[in-house]
Peer 1: 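First the structure, then my questions, so here it is.
Read the numbers this way: they start at 1 and go in the same order the structure lists the ligands and their atoms. Worth saying up front: this structure is predicted, and the values here are computed from it rather than measured.
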Amino acid sequence: MENLSARLCALSPSATLAMSQKSQELKSQGLDIINLSVGEPDFFTPDHIKEAAKKAVDDNFSFYTPVPGYMSLREAISRKLKSENGVDFSPAQIVVGNGAKQEICNVILSIVDKGDEVIIPTPAWVSYFEMVKLAEGVNVPFLCGQEQDFKILPHQLESLITPRTKAFLFCSPSNPTGAIYTKEELAAIVEVLAKYSKIIVIADEIYEHICYSGQPTSIASFPEMKDRVVIINGVSKAYAMTGWRIGFCAAPAYIAKAVSKLQSQYTSGCSSIAQKAAEAAYNGPQDCVEEMRQEFERRRDLICSAVQDIPGFRLDKKPSGAFYIFPDVSALFGKQTPDGKVIANADDVAMYLLETGHVAGVSGEAFGDPSCIRFSYATSQAKISEAMRRVKEALAKLRP
Ligand code: PMP
Ligand code: GLU
């Protein structure tokens with residue numbers, strides 16, 4: 001073994017980014033791969049946001065930024081949280097970082113001690129588990145199947161709570177399932193959490209604008225949850241700004257202060273130019289968000305109807321938000337590929353579809369559900385149709 005820390009050795013690489021990288025490599029070898037692996041809008045960042053970034057360069061926003069982010073950006077986020085989510089977080093309770101990813105990790109590192117348990121309804125985004133591991137916490141995943149729309153039920157949540165439970169971490173709209181907790185479902189979850197005042201809720205709302213059933217409710221809007229919820233959000237998905245790397249946490253003041261302290265030691269405040277762009281995103285016109293949302297909805301309808309026509313894929317319900325489908329592919333396990341390999345699990349399905357169909361998806365394994373596979377439909381309708389045609393064709397070659 002190389003001379004690496006045990007902490008690092010225990011960490012898995014990001015399955016989403018690994019699959020995306022693999023499909024880039026195959027593309028550069030000349031293969032015509034359709035990449036439905038990584039979750040990232042294919043749209044360009046809206047012009048008024050790009051203009052704000054150019055102006056920031058010309059206005060010499062070139063110095064170190066405050067560790068938690070420019071006050072003007074945190075004020076814009078505070079206003080957004082009030083007007084769109086009905087929640088009160090002052091700028092002092094907001095920390096801006098290099099994407100929502102960094103802020104989730106910062107929050108976990110700030111509150112989780114060795115042995116502390118973090119309840120995570122699964123399937124869930126791949127990085128949560130690894131972040132908890134980094135903090136030497138204990139993942140408490142709970143598999144919520146398709147029959148319960150991939151959402152945890154209040155009694156299931158309560159059965160997982162122990163004196164070591166530190167946090168409940170969930171994502172709505174969800175990556176990878178697209179499921180959204182309704183206001184009523186959240187109210188029932190809040191009723192359970194209200195009994196356990198020490199548990200901190202980390203609510204990942206990064207997909208809040210990509211939603212096909214009206215504005216989702218934030219768990220932070222329940223009065224019982226006051227001073228116990230950390231909201232995670234950012235500009236990556238709503239404004240097609242994945243590469244700009246701006247996300248934030250909005251938290252009880254003591255957590256925001258801790259996150260800022262942590263950030264001061266290992267990354268400092270994030271990019272000045274990207275922050276000014278994010279400020280323009282929050283303060284500027286919002287029609288771009290709605291236009292992209294509408295196109296995502298058309299793509300969702302397209303991919304869902306195509307999947308209904310693919311034997312071996314089971315998707316009971318159209319996802320309510322985000323830009324992923326997460327069909328069950330366990331009906332394919334045990335089948336044989338044309339070159340005699342047996343498909344044993346979702347990893348094998350993903351690999352077979354990549355190699356034979358030239359379509360990249362991500363196995364459900366890393367999301368905590370080994371019977372499913374995830375496809376991102378944040379790509380053109382033409383590519384979605386062609387990808388599903390290829391998937392169907394490749395699967396038709398499998399032998400029982
Ligand atoms: N949360 C979820 C559920 C995600 O899918 C992602 C992936 N982009 C993130 C957080 C992180 O987003 P970013 O770091 O680009 O803001
Ligand atoms: N969150 C996106 C995904 O799940 C982007 C890649 C990543 O950071 O995981 O594909």
Peer 1: Pick one of side chain, backbone, both or neither for how Ala100 approaches ligand 1, counting any non-hydrogen atom pair under 4.0 Å.
Peer 2: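 Both of them.
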
Peer 1: Determine, using ring centers only, whether Phe326 and Phe375 are less than 6.0 Å apart.
Peer 2: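 No, they do not, as the ring centres are separated by 6.0 Å or more.
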
Peer 1: Against heavy atoms of Lys237, which atoms of ligand 1 measure under 4.0 Å?
Peer 2: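 Here the atoms of ligand 1 in question are 7 (C), 8 (N).
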
Peer 1: Between Asp301 and Arg298, is the closest basic N to carboxylate O distance under 4.0 Å?
Peer 2: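 Between Asp301 and Arg298 there is no salt bridge, as every charged N stays at least 4.0 Å from the carboxylate O atoms.
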
Peer 1: Please list, in number order, the atoms of ligand 1 under 4.0 Å from a heavy atom of Tyr128.
Peer 2: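 Selected atoms, number and element: 3 (C).
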
Peer 1: Looking only at heavy atoms, what is the nearest atom pair of Ala135 and Ile108, with distance?
Peer 2: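 Heavy atoms of Ala135 and Ile108 come nearest at CB-CG2, 3.9 Å.
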
Peer 1: What is the nearest protein non-hydrogen atom to atom 8 (O) of ligand 2, stated with its residue, atom name and distance?
Peer 2: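 Ranked first by proximity to atom 8 (O) of ligand 2 is Lys101 NZ, 2.9 Å.
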
Peer 1: Counting heavy atoms only, which part of Glu40 comes closer than 4.0 Å to ligand 1: side chain, backbone, both or neither?
Peer 2: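 Glu40 to ligand 1: no contact under 4.0 Å from either part.
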
Peer 1: Would you tell me which option among Thr242, Thr16, Asp204 has the nearest heavy-atom contact to atom 2 (C) of ligand 1?
Peer 2: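 Heavy atom nearest to atom 2 (C) of ligand 1 belongs to Asp204.
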
Peer 1: Quick one: does ligand 2 sit under 4.0 Å from the side chain of Phe323, the backbone, both or neither, non-hydrogen atoms only?
Peer 2: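 Answer for Phe323: neither.
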
Peer 1: May I ask you to check whether His209 and Gln215 show a side-chain donor-acceptor distance below 3.5 Å?
Peer 2: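 No, no side-chain donor-acceptor contact under 3.5 Å.
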
Peer 1: Atom 5 (C) of ligand 2: which protein heavy atom is closest, and how many Å away?
Peer 2: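 Checked against all protein heavy atoms, atom 5 (C) of ligand 2 sits closest to Gly39 O, 3.7 Å.
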
Peer 1: Quick one: nearest non-hydrogen protein atom to atom 7 (C) of ligand 2, plus distance?
Peer 2: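 Ranked first by proximity to atom 7 (C) of ligand 2 is Thr16 OG1, 3.4 Å.
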
Peer 1: Say whether Val38, considering both its backbone and side-chain N or O atoms, lies within less than 3.5 Å of an N or O atom on ligand 2.
Peer 2: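 N/O-N/O distance below 3.5 Å does not exist for this pair.
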
Peer 1: I need the atoms of ligand 1 closer than 4.0 Å to a non-hydrogen atom of Cys171, numbered in the order shown.
Peer 2: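 With Cys171 as reference, the close atoms of ligand 1 come out as 3 (C).
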
Peer 1: Measure Arg245 to ligand 1 on non-hydrogen atoms and call it side chain, backbone, both or neither using the 4.0 Å cut-off.
Peer 2: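 The side chain, only.
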
Peer 1: Under 3.5 Å between any N/O of Asn175 and any N/O of ligand 1: does that happen in this structure?
Peer 2: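 The answer is yes, given that Asn175 and ligand 1 share an N or O pair closer than 3.5 Å.
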
Peer 1: In ligand 1, which numbered atoms sit nearer than 4.0 Å to a non-hydrogen atom of Ser236?
Peer 2: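 Near Ser236, meaning under 4.0 Å from one of its heavy atoms, ligand 1 has 13 (P), 15 (O), 16 (O).
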
Peer 1: Where does Phe248 meet ligand 1, judged by heavy-atom distances below 4.0 Å: at the side chain, the backbone, both, or neither?
Peer 2: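 It is neither part, as no heavy atom is under 4.0 Å.
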
Peer 1: Does ligand 1 have any atom sitting under 4.0 Å from a heavy atom of Gly99?
Peer 2: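 Contact present.
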
Peer 1: Could you list which atoms of ligand 2 come closer than 4.0 Å to a heavy atom of Trp125?
Peer 2: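 Taking each heavy atom of Trp125 in turn, ligand 2 has 1 (N), 4 (O), 7 (C), 8 (O), 9 (O) under 4.0 Å.
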
Peer 1: N/O to N/O below 3.5 Å, does that happen between Gln102 and ligand 1?
Peer 2: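 Min N/O separation from ligand 1 is not below 3.5 Å for Gln102.
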
Peer 1: Just let me know how Leu17 lines up against ligand 2, side chain, backbone, both or neither, with a heavy-atom cut-off below 4.0 Å.
Peer 2: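 The part of Leu17 near ligand 2 is the side chain, not the backbone.
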
Peer 1: Identify all side-chain donor-acceptor contacts of residues 8-16 below 3.5 Å with residues at least two apart in sequence or on another chain.
Peer 2:
unit_1, atom_1, unit_2, atom_2, d
Ser14, OG, Thr16, OG1, 2.9
Ser14, OG, Leu17, N, 3.3

Peer 1: List the atom pairs, donor and acceptor, that lie under 3.5 Å between side-chain atoms in residues 189-201 and the rest of the protein, sequence neighbours left out.
Peer 2:
unit_1, atom_1, unit_2, atom_2, d
Lys195, NZ, Glu158, OE1, 3.2
Lys195, NZ, Glu158, OE2, 2.9
Tyr196, OH, Glu158, OE2, 2.7

Peer 1: Between Asn175 and ligand 2, which residue portion shows a heavy-atom distance shorter than 4.0 Å: side chain, backbone, both, or neither?
Peer 2: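 The part of Asn175 near ligand 2 is the side chain, not the backbone.
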
Peer 1: Under 4.0 Å between a side-chain nitrogen and a carboxylate oxygen: does that hold for Asp309 and Arg389?
Peer 2: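 Salt bridge between Asp309 and Arg389, a charged N being under 4.0 Å from a carboxylate O: no.
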
Peer 1: Is the contact between Lys237 and ligand 2 made by the side chain, the backbone, both, or neither, using heavy atoms and a 4.0 Å cut-off?
Peer 2: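 Within the 4.0 Å criterion, Lys237 contacts ligand 2 through side-chain atoms alone.
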
Peer 1: When you measure from atom 6 (C) of ligand 1 to every protein heavy atom, which one gives the shortest distance, and what is it?
Peer 2: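 Sorting protein heavy atoms by distance from atom 6 (C) of ligand 1 puts Trp125 CZ2, 3.6 Å first.
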
Peer 1: Salt bridge between Glu25 and Lys22, side-chain N to carboxylate O under 4.0 Å?
Peer 2: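 Looking at Glu25 and Lys22, the cut-off is not met.
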
Peer 1: Measure across Ala167 and Ile202 and return the closest heavy-atom pair with its distance rounded to 0.1 Å.
Peer 2: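 Closest pair (atom of Ala167, atom of Ile202, distance): CB-CD1, 4.3 Å.
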
Peer 1: May I ask you to check whether Phe296 and Tyr212 place their ring centers less than 6.0 Å from one another?
Peer 2: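 No, the ring of Phe296 stays outside the 6.0 Å limit from the ring of Tyr212, centre to centre.
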
Peer 1: Look at Arg314 together with Asp316 and state whether they make a salt bridge at an N to O cut-off of under 4.0 Å.
Peer 2: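 Salt bridge between Arg314 and Asp316, a charged N being under 4.0 Å from a carboxylate O: yes.
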
Peer 1: Pick from Glu295, Glu291, Glu297: which one makes a side chain to side chain donor-acceptor pair (under 3.5 Å) with Arg293?
Peer 2: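 Running side chain to side chain donor-acceptor pair (under 3.5 Å) over Glu295, Glu291, Glu297 with Arg293 returns exactly one hit, Glu297.
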
Peer 1: Is the positively charged end of Lys341 above the ring of Tyr352, judged by distance under 6.0 angstrom from the centroid and angle within 45° of the axis?
Peer 2: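 No, Lys341 does not sit over the ring of Tyr352.
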
